[in-house]
Structures are given as C-alpha cells and as structure tokens.
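Right, one structure below, let's go through it.
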Amino acid sequence: MTTTETRPAFFTSPKEITMRSVVFDRDADMVAVVRDVKGLMIGLERPTGLVWDVAYGRLRPGTEREERQLQALAKLQRARLRGMA
C-alpha cells in the first residue's frame, strides 16, 4: 500500500521563502536548500556543491519526502568526501 503526498502550491512572493528551507525547482527538476534571497531571484544549493539562481515563481516548498531525499544525498556526499563511497 502506498500513500500519496499532495504537492504544495508554488510560492506567490519571494517573502514567503526563508533561508535554509527545502524547495523544489521545477525548471531544474531538483530539490535544494535556499542559500539566499536576492529580490526576485533565489539562490539554491545542493549537498554536492551545485549552486544556482532561479526566479521565485519556479519554486514550491519541498515535501517531507524530498527533504529526506536531500538529507540522504548529503549523507552520501559526506561519505564520498571521506573516500568511503
């Protein structure tokens, strides 16, 4: 049996976006962490070190599942940096 998660609505203002929150970029089709808010542009970062900017209207809040995926990616990246993966 699987449960379905409803997708949150997209942001309607950059003021709704907080630093270090998990968001989903529908252009890049990736989940990321907010590293800064610069007007209408939002700076994003992944645990691998990938950083990019995107317009706030292309983002939605990340789901709990996506947050767990990002945490797992961060754990894998730390292991890789230690030379264990």
Side-chain angles (χ1 to χ4, degrees):
M1 213 157 84
T2 61
T3 60
T4 57
E5 225 176 300
T6 59
R7 294 193 128 185
F10 290 92
F11 293 107
T12 57
S13 166
K15 294 177 183 175
E16 298 174 347
I17 302 171
T18 58
M19 298 288 291
R20 308 302 307 157
S21 61
V22 174
V23 296
F24 181 82
D25 177 356
R26 65 181 180 180
D27 287 341
D29 198 29
M30 287 193 289
V31 64
V33 174
V34 175
R35 63 182 176 92
D36 59 8
V37 178
K38 301 173 279 192
L40 300 178
M41 298 301 288
I42 309 301
L44 302 179
E45 182 173 12
R46 293 204 15 121
T48 58
L50 176 65
V51 295
W52 72 99
D53 294 331
V54 64
Y56 79 91
R58 305 303 295 170
L59 300 174
R60 66 164 170 76
T63 63
E64 287 180 26
R65 181 173 187 244
E66 290 165 338
E67 188 168 348
R68 288 191 306 270
Q69 288 173 332
L70 201 58
Q71 291 168 354
L73 179 59
K75 184 177 178 180
L76 176 61
Q77 183 65 13
R78 286 190 302 270
R80 285 180 175 161
L81 292 174
R82 288 191 310 264
M84 300 176 75

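Along the sequence shown, the residues carry numbers beginning at 1.
Results of the side chain to side chain contact (heavy atoms under 4.5 Å, CB included) test with E67 over Q69, E64, Q71 single out Q71 as the only residue that passes.
D27 pairs by the side-chain contact (heavy atoms from CB on, under 4.5 Å) definition with D25, V54, R58, not counting sequence neighbours. Qualifying side-chain contact (heavy atoms from CB on, under 4.5 Å) partners for T12, counting only residues two or more places apart in sequence or in other chains: E16. Residues forming a salt bridge (charged side-chain N to carboxylate O under 4.0 Å, His left out) with R26 (at least two apart in sequence, or on another chain): none. Partners of P47 by side-chain contact (heavy atoms from CB on, under 4.5 Å), not counting sequence neighbours, listed by chain and number: L70, L73, A74.
Separation of atoms NZ (K75) and CZ (R78) is listed at 8.0 Å; rounding is to 0.5 Å.
One hydrophobic cluster, built from ILVMFWY side chains closer than 4.5 Å, holds both W52 and V37. In the hydrophobic clustering of ILVMFWY residues, with side-chain heavy atoms under 4.5 Å counting as a link, F11 and L44 come out together. Linking Ile, Leu, Val, Met, Phe, Trp and Tyr whenever their side-chain heavy atoms come within less than 4.5 Å puts V34 and Y56 in one cluster.
In this structure, A9 and P61 approach most closely via the heavy-atom pair O-CD, 3.0 Å. Nearest approach of F24 to D29, heavy atoms of both residues: CZ-OD1, 3.1 Å.
Side-chain contact check for L50 versus M30: some heavy-atom pair is nearer than 4.5 Å. Put simply, the side chain of V23 does not reach to within 4.5 Å of the side chain of I42, judged on heavy atoms.
The stretch residues 32-51 participates, sequence neighbours left out, in these side-chain hydrogen bond (donor to acceptor under 3.5 Å, both in side chains) pairs: K38-D53.
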